[in-house]
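Every number for a ligand or one of its atoms is a count from 1 in the order of the listing. This one's a predicted model, so the numbers in the text were calculated from it and none came from an experiment.
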Amino acid sequence: MMDKNVVLIGFMGSGKSLIACELGRRLNVEVISTDALIEARRGEKIHEIFKSQGEAFFRDLEAETIKEISQRRGIVIDCGGGVVLRKENLQHLKTNGIVFYLQATPEVIYERIKKEGHRPLLTVPDPLGFMKQLYQQRLPLYNQADFMIDANDASIEGPVAEILKRI
Ligand code: S3P
C-alpha cells in the first residue's frame, strides 16, 4: 500500500493526465484530476467557469479542491497547470505527497495541444508566444517540485518508469 500521494504538476499538455492514469493503473490506486473534480462538482467545463465567473473564481475553487484532496493518502493527483500560482497549494500537496514536475518545452507542448479547443488560456492571437511567456513565468514555480521529470518524448513510458523508480 502506497503511503504517500504521487502529485503531478506541469504546464498544460505536458502529459499529466495520461501519465497519471497509467500510474494509477500500475499502482492500482485511485487517480484524482483537480480539473475533472471541479468540472464534475460544478457541472460545468473549466472554460465555461473561466468565461462565466472569471479566472480568480476558478483559482479559488482550485485552491479549495487541492486543500481537500491533499489530506488523502495513497492516491495519484493530476493537477491543473496553474496550481503553482498559489503558494499554499504546493504546501498542501507536499504534506502527504511527492511532487513531480513534468517538464516539456513550450514548442513541444504547443505541437501537442494546438488542435484542442478546450484550453481557455490559449484562445489568444499568438498562442505559442503567450505560452513561452507563461512558461518563463512559471518555471521557477514548477521547479519547487521534489523531482523534475523529462516529458518531452511522445511516449509516456519514460516518465512513468522514472516516477515509479522514485516512489
Ligand atoms: C490551466 C491549466 C488547465 C486548467 C485551466 C488553467 C493553467 O489544466 O486548469 O485551463 O493555468 O495552466 P491542464 O494543465 O490540465 O490543461
Participant: Tell me which protein heavy atom sits closest to atom 6 (C) of ligand 1, plus the residue, atom name and distance to 0.1 Å.
Facilitator: Arg59 NH2, 3.8 Å

Participant: I'd like to know whether Leu8 forms a side chain to side chain contact (heavy atoms under 4.5 Å, CB included) with Leu23, so could you lay out the CA-CA distance, the side-chain angles of the two residues, the decisive distance to 0.1 Å, and finally the verdict.
Facilitator: CA-CA 11 Å; Leu8 305 184; Leu23 287 170; 4.3 Å; yes

Participant: Just wondering, more than 12 heavy atoms not from Lys67 lying within 6.0 Å of its NZ?
Facilitator: no

Participant: If we set the cut-off at 4.0 Å for heavy atoms, which region of His47 has an atom near ligand 1: side chain, backbone, both, or neither?
Facilitator: neither

Participant: Counting N and O atoms only, with roles assigned by atom type, does the side chain of Asn89 sit under 3.5 Å from a partner on the main chain of Val84, one being a donor and the other an acceptor?
Facilitator: no

Participant: Do Arg72 and Ile32 pass the side chain to side chain contact (heavy atoms under 4.5 Å, CB included) test, and can you show the C-alpha distance, the side-chain angles, and the key distance before you say yes or no?
Facilitator: CA-CA 11 Å; Arg72 306 245 341 239; Ile32 294 183; 3.5 Å; yes

Participant: Could you tell me the residue and atom name of the protein heavy atom closest to atom 14 (O) of ligand 1, and the distance to it rounded to 0.1 Å?
Facilitator: Lys16 NZ, 2.6 Å

Participant: Per the side-chain contact (heavy atoms from CB on, under 4.5 Å) rule, which among Gln137, Lys132, Gln136 passes with Leu134?
Facilitator: Gln137

Participant: Can you list the ligand 1 atoms lying under 4.0 Å from a non-hydrogen atom of Met12?
Facilitator: 12 (O), 13 (P), 14 (O), 16 (O)

Participant: Under a 4.0 Å heavy-atom limit, does Arg138 contact ligand 1 with its side chain, its backbone, both, or neither?
Facilitator: side chain

Participant: Between Arg26 and Glu157, does any side-chain N to carboxylate O distance fall below 4.0 Å?
Facilitator: yes

Participant: Which residue owns the protein heavy atom closest to atom 3 (C) of ligand 1, what's the atom, and how far is it?
Facilitator: Asp35 OD2, 3.5 Å

Participant: What is the closest protein heavy atom to atom 16 (O) of ligand 1, and at what distance does it sit?
Facilitator: Arg119 NE, 2.9 Å

Participant: At what distance is the nearest protein heavy atom to atom 5 (C) of ligand 1, and which residue and atom is it?
Facilitator: Ile46 CG2, 3.9 Å

Participant: Just distances here: any N/O of Gly81 and N/O of ligand 1 closer than 3.5 Å?
Facilitator: yes

Participant: Regarding Gln71 and Asn96, do their side chains bring together a donor and an acceptor under 3.5 Å, going by distance alone?
Facilitator: no

Participant: Taking 4.0 Å as the limit for heavy-atom contacts, which would you say applies to Glu39 with ligand 1: side chain only, backbone only, both, or neither?
Facilitator: neither

